[in-house]
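Taking it in order: structure first as structure tokens, then the write-up.
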Protein chains: 2
Amino acid sequence: MKQTRNTTAKTEILKLISQSTVALSHSEIQNNLDGLCDRVTIYRVLDRLVEEDLVHKVVNIDGGVKYASCNHKEAVHHSHNHIHFSCEECHTVTCLEDVKPSFELPKRYQVKEVNFTVSGICPECSS
Amino acid sequence: MKQTRNTTAKTEILKLISQSTVALSHSEIQNNLDGLCDRVTIYRVLDRLVEEDLVHKVVNIDGGVKYASCNHKEAVHHSHNHIHFSCEECHTVTCLEDVKPSFELPKRYQVKEVNFTVSGICPECSS
DNA sequence: TTGTTATTGCAACATTGTTGCATTTTATTT
DNA sequence: AAATAAAATGCAACAATGTTGCAATAACAA
């Protein structure tokens with residue numbers, strides 16, 4: 001496997017994502033970093049973080065891509081089989097790690113990844 | 001409510017999507033139409049078809065947006081609460097209308113839409 | 001400290017989606 | 001059948017998002 005190195009860009013981006021309660025988009029990350037590194041670098045760092053399983057990629061119903069930290073609850077290789085909630089009001093995407101959907105596919109389908117996004121109004125916005 | 005009219009563009013696009021066994025992207029539709037209408041028109045027709053509930057929008061794990069026909073099994077207003085399978089080999093997206101996922105959100109969340117995409121290897125490609 | 005190579009920055013490009021506006025087309029009304 | 005209102009289209013221009021090649025830089029193992 002290819003070596004990977006720790007750089008300020010990677011560290012800062014991972015910190016940002018980890019400290020956020022909601023999933024962040026590329027542009028949100030870029031704004032937060034305030035010129036620390038190039039736009040392209042952010043794309044590449046995000047790819048690496050996903051590759052290394054430190055972060056997961058969430059695709060919104062409108063097609064927007066966001067990134068959220070992985071809370072490794074499972075021991076070795078955690079599954080990303082959980083729900084993301086996307087608020088139509090404030091446009092935040094939240095990981096609901098504890099809600100596990102159940103479903104049953106015809107067995108000829110080999111499942112490798114799961115992406116379950118529910119959209120509507122989040123608790124913050126519905127009050 | 002705003003009136004809606006039948007045009008060749010709309011008819012052809014809906015026919016394309018209906019006759020396809022897999023979900024189609026904007027560019028795939030554009031290629032198939034072979035210059036029948038403008039790129040922008042396709043976007044607008046697709047929006048209308050989704051609006052009118054004749055077609056549904058599927059967002060892939062890689063962020064790509066595709067469109068699939070709605071098979072109105074339910075009487076009045078069918079739910080789009082079903083699974084889409086995205087094959088990593090042939091990049092086709094298939095609607096598995098019959099597979100209904102079950103899940104339970106904290107009740108403060110108001111659900112309006114659901115998008116459940118599973119990716120892996122489809123039966124065609126795994127043989 | 002040095003050498004290898006992963007990582008970055010920059011520039012250029014590709015893809016996807018949106019908006020404004022003048023023109024055309026649909027379908028209703030006269 | 002002609003007139004009409006507004007829905008739909010085409011075009012041009014723009015915005016956002018993502019990708020690639022390549023030379024320069026930085027991380028880290030020896």
Side-chain angles (χ1 to χ4, degrees), chain A residues 1-17 23-68 86 88 91 93 115 117 119, chain B residues 1-17 23-68 86 88 91 93 115 117 119:
Chain A
M1 187 165 63
K2 221 181 179 186
Q3 277 267 11
T4 131
R5 294 176 185 175
N6 282 327
T7 62
T8 30
K10 188 179 169 186
T11 311
E12 289 305 309
I13 292 173
L14 182 55
K15 185 159 69 176
L16 255 184
I17 297 174
L24 298 175
S25 68
H26 173 275
S27 64
E28 286 166 338
I29 292 169
Q30 187 178 8
N31 291 336
N32 268 295
L33 288 179
D34 195 39
L36 173 83
C37 67
D38 196 71
R39 213 168 63 83
V40 178
T41 300
I42 301 178
Y43 279 116
R44 299 201 258 230
V45 168
L46 288 172
D47 284 348
R48 248 183 294 151
L49 289 176
V50 169
E51 185 70 24
E52 292 170 29
D53 217 37
L54 294 170
V55 147
H56 59 261
K57 194 173 172 178
V58 186
V59 181
N60 217 344
I61 295 192
D62 56 27
V65 173
K66 301 202 169 194
Y67 298 86
S86 162
E88 290 176 0
H91 297 102
V93 174
N115 194 288
T117 305
S119 68
Chain B
M1 186 164 67
K2 220 181 179 184
Q3 277 271 10
T4 130
R5 295 177 183 174
N6 282 327
T7 63
T8 30
K10 187 179 168 185
T11 311
E12 289 306 308
I13 292 173
L14 182 56
K15 185 158 69 177
L16 256 184
I17 296 175
L24 299 174
S25 68
H26 172 275
S27 63
E28 286 165 338
I29 292 169
Q30 188 178 7
N31 291 336
N32 267 294
L33 287 179
D34 195 41
L36 173 83
C37 67
D38 196 71
R39 215 168 61 82
V40 178
T41 301
I42 302 178
Y43 279 115
R44 300 200 256 229
V45 168
L46 288 172
D47 284 348
R48 246 182 297 152
L49 290 175
V50 170
E51 185 69 24
E52 293 170 28
D53 219 36
L54 293 170
V55 147
H56 60 261
K57 194 173 172 178
V58 186
V59 181
N60 218 345
I61 295 193
D62 56 27
V65 174
K66 301 202 169 195
Y67 297 86
S86 163
E88 289 175 1
H91 297 103
V93 175
N115 194 286
T117 305
S119 68

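Every chain is numbered from 1 and lettered A, B, ... according to where its sequence line falls, protein lines coming before strand lines.
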Quiz prompt | Nearest-Å distance for atom pair CG/P, residues A:L46 and C:dT8 | solution = 11 Å

Quiz item: Given atom CD of B:E51 and atom P of D:dA7, what is their separation to the nearest angstrom?
Solution: 14 Å

Quiz prompt | B:G64 or B:T4, whichever maps to the more 5' nucleotide of DNA chain C | solution = B:G64

Exercise. Under 4.0 Å between any heavy atoms, over every strand shown, what does A:R44 touch: base, sugar-phosphate, or nothing? Just pick one.
Key: base

Exercise. Could you check how far CG of B:N6 sits from P of D:dT9, rounded to whole Å?
Key: 10 Å

Exercise. Remember a base hit wins even if backbone is also touched, and classify A:R39 as base, sugar-phosphate or nothing at under 4.0 Å, heavy atoms.
Key: base

Quiz item: Between D:dA16 and A:S27, is there an OP1 or OP2 to side-chain N/O distance shorter than 4.0 Å?
Solution: no

Practice problem: Let me know the distance between CD of B:E28 and C1' of C:dT16, rounded to the nearest Å. | Solution: 14 Å

Quiz item: What nucleotide among D:dT9, C:dG17, C:dG9 has an atom nearest to a side-chain atom of B:R48?
Solution: D:dT9

Quiz item: Roughly, in whole Å, what's the span from CG in A:L33 to P in C:dG9?
Solution: 11 Å

Practice problem: Give the minimum heavy-atom separation between A:A68 and A:I17, together with the two atoms involved. | Solution: C-CG2, 3.5 Å

Quiz prompt | Nearest atoms (heavy-atom pairs only) where B:V45 meets B:K10 | solution = CG1-CA, 3.8 Å

Exercise. Figure out the CG/C1' separation between A:D47 and D:dG18, and round it to whole Å.
Key: 10 Å

Quiz item: Among C:dT18, D:dT19, C:dG9, which is the nearest nucleotide to the side chain of A:Y43?
Solution: D:dT19

Exercise. Take atom CG of A:N60 and atom P of D:dA16, then tell me their distance rounded to the nearest Å.
Key: 18 Å

Quiz item: Between C:dT18, D:dA8, C:dA6, which one does the side chain of B:V40 approach most closely?
Solution: C:dT18

Exercise. Report the C-alpha separation of A:S86 and A:N60 in whole Å, then their side-chain angles, then the decisive distance to 0.1 Å, and conclude whether the side-chain hydrogen bond (donor to acceptor under 3.5 Å, both in side chains) test is met.
Key: CA-CA 7 Å; A:S86 162; A:N60 217 344; 2.8 Å; yes

Quiz item: Taking N and O atoms by type only, does the side chain of A:R5 place a donor or acceptor under 3.5 Å from a partner on the base of C:dT5?
Solution: yes

Quiz prompt | A:T7 vs C:dA6: side-chain N/O to OP1/OP2 distance below 4.0 Å | solution = no

Only distances under 3.5 Å count here; give the side-chain donor-acceptor pairs of residues 30-42 of chain B to other protein atoms, sequence neighbours excluded, each with its distance to 0.1 Å.
{"unit_1": "B:N31", "atom_1": "ND2", "unit_2": "B:S27", "atom_2": "O", "d": "3.3"}
{"unit_1": "B:N32", "atom_1": "ND2", "unit_2": "B:E28", "atom_2": "O", "d": "3.1"}
{"unit_1": "B:D38", "atom_1": "OD2", "unit_2": "B:V40", "atom_2": "N", "d": "3.0"}

Quiz item: A:Q3 CD to C:dT4 C1': how many Å, rounded?
Solution: 11 Å

Quiz item: What nucleotide among C:dT7, D:dC11, C:dG9 has an atom nearest to a side-chain atom of B:D38?
Solution: D:dC11

Quiz item: How many angstroms lie between atom OH of A:Y67 and atom CG of A:L24, to the nearest 0.5 angstrom?
Solution: 11.5 Å

